[in-house]
Amino acid sequence: MLVVSAGADLAIVTNDTSGRGRAAEVVGRLRRAAARRGHVTAELDADDADATRAAVAALPDHVRRIVAVGGDGLVHHVIQHLAGTDRELGVVPVGTGNDFAAALGIPDDTNAAIEIALGPTQPLDAIRSEHGWAASVATAGFSAVVNATADRIPLPLGSRIYTAATIVELPRLRSWPAMLTLDGTEVDAETMMLAVANTPRFGGGMQICPDADPTDGLLDVTSISPVSRLTLLRVFPKVFAGEHLDHPAVRTWRAKEVVVEAAGDLWGDGERMGPSPVRLHAEPGALRVARPRH
């Protein structure tokens, strides 16, 4: 049973594995910084996805801000009970990929990130689906397979784990039949890699949809059509700089609602979401997130 003091207005959520054990030290710094600002904190240390979601769901109404100390996966599970409400999200990135934080300009420097996490918030869009919410990118095809493999690699590689997983899966590269419906228009999009994005980044720094804007009420969609392994290896490095869009195998669209029909599961924010067909909808202002002012 979750017990939170009546005076608490801020919850710190983390797990033991975030940042290879760094999270506990970061939480201490965050707690002290929050106290200096007059906050009373509750701390939730969950050891798996289900526990994280249950703990956030059980928070009483007087806890107005939730700060996730971790990576994209932790953010993903926290927002399942945050999106569409007036509660606020702060992020201190100490995870594997930290793509959501990086897309918002939240730095890796812990002290700077803590100050931002406790500061002003702005409304941001989120991706809503039958399988729940995603903050950054929902993906299918080869990139989903890479996510699943990265989850099974026990080495502390940080964001390089996604590159390692790509190399592991490359010999099994194949294409996936896919049908997209973009704001009611059907598109046959046989694909090797499909991304539906609210923010530009996924996979530890890959700018798969470099023009995605989490404040425009739209989803950016990128599909890489079937290519050889050699071609994919040539294109792959360009994704980190967002310079892949001019390749003839890359197709892009923009829509408010995207229905994906493809083999295999859909993954969002590096976490398994569920099978297709699935309807993905850009929900304007579904999140209130502490981020640097632009």
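- Val278 and Val137 fall into different hydrophobic clusters, where Ile, Leu, Val, Met, Phe, Trp and Tyr residues are linked whenever their side-chain heavy atoms come under 4.5 Å apart, directly or through other members.
- Counting heavy atoms from C-beta outward, His247 and Arg234 have side chains that stay 4.5 Å or more apart.
- For the atom pair Asp269 CG and Trp133 CH2, the distance stands at 12.5 Å (nearest 0.5 Å).
- Follow the hydrophobic side-chain contacts under 4.5 Å out from Val40 and you never reach Leu30; the two are in separate clusters.
- To the nearest 0.5 angstrom, Ser276 atom OG is 12.0 Å from Met179 atom CE.
- Counting heavy atoms from C-beta on, the side chains of Leu124 and Leu89 never come closer than 4.5 Å.
- With no hydrogens or angles considered, no side-chain donor-acceptor pair links Thr252 and Thr222 at under 3.5 Å.
- Side-chain atoms of Thr191 come within 3.5 Å of backbone atoms of Ile224 as a donor-acceptor pair (strictly under, hydrogens ignored).
- Counting heavy atoms from C-beta on, the side chains of Val260 and Leu280 come closer than 4.5 Å.
- Across every non-hydrogen atom of Pro275 and His131, the tightest pair is O-NE2, 2.7 Å.
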Review point. Which is it for Thr139 and Leu266 under the side chain to side chain contact (heavy atoms under 4.5 Å, CB included) test, yes or no, and what are the steps along the way?
Key: CA-CA 6 Å; Thr139 186; Leu266 190 80; 5.9 Å; no
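- In terms of hydrophobic clustering, with Ile, Leu, Val, Met, Phe, Trp and Tyr side chains grouped at heavy-atom distances under 4.5 Å, Ile12 and Ile114 are assigned to a common cluster.
- The minimum heavy-atom distance linking Arg65 with Leu118 is given by the pair NH1-C, 3.2 Å.
- Placement of Val67 and Val94 within a single hydrophobic cluster is found when ILVMFWY residues are connected by side-chain heavy-atom separations under 4.5 Å, directly or transitively.
- Counting heavy atoms from C-beta on, the side chains of Thr41 and Asp9 never come closer than 4.5 Å.
- Side-chain atoms of Phe202 and Gln207, non-hydrogen and from C-beta on, never get closer than 4.5 Å to each other.
- Within the 3.5 Å criterion, the main-chain N or O of Ile208 finds a donor-acceptor partner in the side chain of His244.
- Within the 3.5 Å criterion, the main-chain N or O of Val69 finds a donor-acceptor partner in the side chain of Thr14.
- For the pair Arg29 and Thr110, the minimum side-chain heavy-atom distance is below 4.5 Å.
- Considering Asp211, Leu219, Leu182 in turn, Asp211 is the only one that fulfils the side-chain contact (heavy atoms from CB on, under 4.5 Å) rule with Arg254.
- A donor-acceptor contact shorter than 3.5 Å is absent between the side chain of Asp265 and the backbone of Arg272.
- The shortest distance between side-chain heavy atoms of Ser225 and Glu190 does not fall below 4.5 Å.
- Counting only heavy atoms from C-beta outward, the side chains of Arg53 and His76 approach each other to under 4.5 Å.
- Within the 3.5 Å criterion, the main-chain N or O of Gly217 finds a donor-acceptor partner in the side chain of Asp125.
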Practice item. Check the pair Ile66, Leu59 against side chain to side chain contact (heavy atoms under 4.5 Å, CB included), reporting the backbone distance first and the verdict last. Key: CA-CA 10 Å; Ile66 292 89; Leu59 285 170; 3.6 Å; yes
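- Between Arg37 and Glu115 there is a salt bridge, since a side-chain N of the basic residue sits under 4.0 Å from a carboxylate O of the acidic one.
- The CG atom of Asp99 sits 4.5 Å away from the CZ atom of Arg201 when rounded to the nearest 0.5 Å.
- The pair Glu88-Arg64 does not meet the salt-bridge criterion, since no charged nitrogen lies less than 4.0 angstrom from a carboxylate oxygen.
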Practice item. Might you work through the side chain to side chain contact (heavy atoms under 4.5 Å, CB included) test for Leu104 and Val289, ending with a clear yes or no? Key: CA-CA 9 Å; Leu104 301 186; Val289 185; 3.7 Å; yes
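- The closest donor-acceptor contact from the side chain of Glu257 to the backbone of Ala282 lies at 3.5 Å or more, if one exists at all.
- In this structure a side-chain-to-backbone donor-acceptor pair under 3.5 Å is present from Glu130 to Arg279.
- In this structure, Asn198 contributes its side chain and Ala135 its backbone to a donor-acceptor pair below 3.5 Å.
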Practice item. Step by step, work out the side chain to side chain contact (heavy atoms under 4.5 Å, CB included) result for Arg288 and Arg87. Key: CA-CA 7 Å; Arg288 292 203 62 86; Arg87 279 179 161 165; over 6 Å; no
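- Not one N or O on the side chain of Glu243 forms a donor-acceptor pair closer than 3.5 Å with the backbone of Val239.
- One N or O on the side chain of Asp72 and one on the backbone of Phe100 form a donor-acceptor pair closer than 3.5 Å.
- The neighbour count for Lys256 NZ, taken as heavy atoms of other residues, nucleotides or ligands under 6.0 Å away, is above 12.
- Ile79 and Ile127 fall into different hydrophobic clusters, defined by Ile, Leu, Val, Met, Phe, Trp and Tyr side-chain heavy atoms under 4.5 Å apart, directly or through other members.
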